[in-house]
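Take a look at the structure set out below.
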Amino acid sequence: MVTRVGICSLLNDNDIEIEKEVFSDTDFELVREPYGPEHTFQEGKRDDFLASVDGLIMANTLVDRDVAKRMSRCKVIARHGQGVDNLDLEACADEGIQVCNMAAFGVDEVSDHAVMFAMILLKQFHTYYLDVRKGNWNVEKVPAWDLKKIGAATLGLVGFGRIGQETARKAYQMFGRIVAHDPCMDKEKAEALGVETVDSLDEVLGRSDVVSVHIPLNKHTRGFFDKSLFAKMKPEAYLVNTSRGPIVNGRDLYEALITGQLAGAALDVMEQEPANMDDPLFSLENVVFTPHSAFRSDKSLPELRRHCAMEVKRVLTGQPPASPANSPDEKKRS
């Protein structure tokens, strides 16, 4: 039986040349399936494809327990990205499917984006930019007292994994102070980066001029930033989210912004994606948006594709994966 590797990802809509190169020394057959919306696999329209592959490279499409059961030949799924919230890891493990991601994906790019967002908000770049584009050359558009001196500002990091740490490293020379909270805090790493570790999340929220979110999306963090947390932030503070959209309750954020509970926000991710352009957040001038693009660069996407292809190749040739996300049932894999 021919070993088949399925590819169903937005990143492969134009070509699979990188994947072909990775598998060039094997007899594996590469099968590309058109990318679809997140529920595509659940709708049963791709069952023949799913049942025919020994390995799968994919992106945001949901794989729940029912989908995993239909992948009767599959031994490995490699997720294009860092987050695995769209995959039922336990169900995949029960079916003998090794799930892999790229844990270090986009660390440089996303941390760049987070620091850029913080700078834009503190300098009110977006407000001035929009005003000038409308034909108004008005230095008084933003009152001077609304512009926080960055060297005197405190950056708060909620989450201190790879991206949180790299954000701290890049921001250290610009901000007056960096504080961070993470239940699994690496205090030695924090100290080396000049970051003050704080055991209480409330303290980080209450002290920070900018709060940058760097936590994964899971059942515990969905809707984590809600009105109760916004109430603990300073009214002149800003929220930055380059992590996952559903971590922030969009309705509560909107209320906090229009009532003056928060001064503004910068969002690379939305609660619903693709974003509903009727979302009231888009009506606010004190919010900066990018379309879930923080991870993108000329280097990051090719690296991601190559890594995921290599993960599938490793597992299907009997080698351990470099970035395992679960522990599959070995009896079912064999």
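Using a 4.5 Å cut-off between side-chain heavy atoms of Ile, Leu, Val, Met, Phe, Trp and Tyr, with links allowed through other members, Ile150 and Tyr238 fall into the same hydrophobic cluster. A continuous path of ILVMFWY side-chain contacts below 4.5 Å connects Ile258 to Leu267, so both sit in one hydrophobic cluster. Following chains of ILVMFWY side-chain contacts shorter than 4.5 Å, one can reach Val204 starting from Ile215, so the two form part of one hydrophobic cluster. Note: the hydrophobic cluster containing Leu62 does not contain Phe41 (ILVMFWY, side chain heavy atoms under 4.5 Å, direct or indirect links). A single hydrophobic cluster is not seen to contain both Ile163 and Val240; linkage of ILVMFWY side chains at heavy-atom distances under 4.5 Å, directly or through other members, places them apart.
For the atom pair OG1 of Thr167 and CZ of Phe175, the computed distance is 10.5 Å after rounding to the nearest 0.5 Å. The CG atom of Asp54 lies 11.0 Å from the CD1 atom of Ile97; values are rounded to the nearest 0.5 Å. Between Arg169 atom CZ and Ile178 atom CD1 the span is 11.0 Å, to the nearest 0.5 Å. Taken to the nearest 0.5 Å, the CE atom of Met58 stands 12.0 Å off from the CG atom of Asn12. For the atom pair Leu147 CG and Thr127 OG1, the distance stands at 9.0 Å (nearest 0.5 Å). Here the OG atom belonging to Ser52 is positioned 8.0 Å from the CD atom belonging to Glu29, to the nearest 0.5 angstrom.
The two residues Lys170 and Ser111 make their nearest non-hydrogen contact at NZ-OG, 2.8 Å. Residue Ala153 comes nearest to Leu122 through the heavy atom pair CB-CD1, 4.2 Å, listed as atom of the first residue, atom of the second, then distance. Heavy-atom minimum distance, Ala51 versus Ser72: O-OG, 3.8 Å. When every heavy atom of Glu311 is checked against every heavy atom of Pro324, the shortest pair comes out as OE2-N, 4.5 Å. Contact between Gly36 and Thr61 at its shortest, heavy atoms only, is O-OG1, 4.3 Å. Minimum heavy-atom separation, Ile57 to Ala309: CD1-CA, 3.9 Å.
When only modelled atom types and interatomic distance are considered, Thr259 and Gln261 share no side-chain donor-acceptor pair under 3.5 Å. Under the 3.5 Å distance criterion, with hydrogens and angles disregarded, a donor-acceptor pair is assigned to the side chains of Thr290 and Asp268.
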Please assess Arg4 against Arg73 for the test side-chain contact (heavy atoms from CB on, under 4.5 Å), listing each intermediate value before the final yes or no.
-> CA-CA 9 Å; Arg4 304 181 83 215; Arg73 284 174 51 173; 3.9 Å; yes
Start with the C-alpha distance between Ser9 and His80, add both sets of side-chain angles, then the distance that settles side-chain hydrogen bond (donor to acceptor under 3.5 Å, both in side chains), and finish with yes or no.
-> CA-CA 8 Å; Ser9 172; His80 271 164; 2.7 Å; yes
Going through the distances and angles, do Asp64 and Gln42 end up as a side-chain hydrogen bond (donor to acceptor under 3.5 Å, both in side chains)?
-> CA-CA 8 Å; Asp64 58 12; Gln42 294 174 313; 2.8 Å; yes
Are Lys134 and Glu285 close enough, and set up right, to give a salt bridge (Lys or Arg N to Asp or Glu O under 4.0 Å), and what steps lead you there?
-> CA-CA 14 Å; Lys134 293 174 184 176; Glu285 291 191 358; 3.7 Å; yes
Walk me through it: do Glu33 and Arg46 pass the test salt bridge (Lys or Arg N to Asp or Glu O under 4.0 Å)?
-> CA-CA 9 Å; Glu33 182 77 359; Arg46 313 289 177 95; 3.7 Å; yes
Give the intermediate values and the outcome of side-chain contact (heavy atoms from CB on, under 4.5 Å) for residues Phe117 and Ser212.
-> CA-CA 9 Å; Phe117 266 166; Ser212 190; over 6 Å; no
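Although no hydrogens or angles enter the test, the distance criterion places no donor-acceptor pair under 3.5 Å between the side chain of Gln98 and the main chain of Val76. Looking at Arg244, its side chain never comes within 3.5 Å of a backbone N or O of Leu217 through a donor-acceptor pair. Judged purely by atom type and a 3.5 angstrom limit, His307 uses its side chain to pair as donor or acceptor with the backbone of Asn101. For the pair Tyr128 (side chain) and Lys141 (backbone), a donor-acceptor distance under 3.5 Å is absent. Distance alone, capped at 3.5 Å, is enough to place a donor-acceptor pair between the Asp88 side chain and the Ala91 backbone. A donor-acceptor contact shorter than 3.5 Å is absent between the side chain of Arg296 and the backbone of Ser300. Side-chain N or O atoms of Asn86 include one that pairs as donor or acceptor with a backbone N or O of Ala59 at under 3.5 Å. For Thr221 (side chain) and Asn218 (main-chain N/O), a donor-acceptor pair under 3.5 Å exists by modelled atom type.
Within the 4.5 Å cutoff, the side chain of Thr242 has no heavy atoms near those of the Val269 side chain. Residues Leu155 and Leu157 are in side-chain contact: their nearest non-hydrogen atoms beyond the backbone lie under 4.5 Å apart. Looking at Leu11 and Leu304, their side chains come closer than 4.5 Å, going by heavy atoms from C-beta outward. Between Val115 and Met174, the closest side-chain pair of non-hydrogen atoms falls below 4.5 Å. Taking 4.5 Å as the limit, some side-chain heavy atom of Phe160 sits within range of a side-chain heavy atom of Gln165. Side-chain contact check for Leu253 versus Phe225: every heavy-atom pair is 4.5 Å or farther apart. Side-chain contact between Phe282 and Asn276: absent, with no pair of heavy atoms (C-beta onward) separated by less than 4.5 Å. Under the 4.5 Å side-chain criterion, counting only non-hydrogen atoms from C-beta, Val2 is not in contact with Phe28.
Of the candidates Arg306, Lys313, Arg305, Arg305 is the only one forming a side chain to side chain donor-acceptor pair (under 3.5 Å) with Glu19. Checked against Tyr35 for a side chain to side chain contact (heavy atoms under 4.5 Å, CB included), the options Asn60, Ile7, Thr40 give a single hit: Asn60. Put simply, the residue from Arg65, Arg70, Lys69 that forms a salt bridge (charged side-chain N to carboxylate O under 4.0 Å, His left out) with Glu95 is Lys69.
With sequence neighbours left out, Asn136 forms a side chain to side chain donor-acceptor pair (under 3.5 Å) with Asp131. Annotation: salt bridge (Lys or Arg N to Asp or Glu O under 4.0 Å) contacts of Asp226 (sequence neighbours excluded): none.
Within a 6.0 Å radius of NZ in Lys189, no more than 12 heavy atoms belonging to other residues, nucleotides or ligands are found. Shown here is Glu90, whose CD atom has no more than 12 heavy atoms of other residues, nucleotides or ligands within 6.0 Å. Heavy atoms from other residues, nucleotides or ligands lying under 6.0 Å from CZ of Arg32 number more than 12. The number of heavy-atom neighbours closer than 6.0 Å to CG of Asp25, taken from other residues, nucleotides and ligands shown, is above 12.
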Name each donor-acceptor pair under 3.5 Å that joins a side chain in residues 190-201 to protein atoms two or more places apart or in another chain, with its distance.
from	atom 1	to	atom 2	distance (Å)
Glu196	OE1	Arg207	NH2	3.0
Glu196	OE2	Arg207	NH1	3.0
Ser200	OG	Asp202	N	3.2
Ser200	OG	Glu203	N	3.3

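Aromatic ring orientation, Phe125 versus Tyr129: parallel (interplanar angle below 30°, classes split at 30° and 60°).
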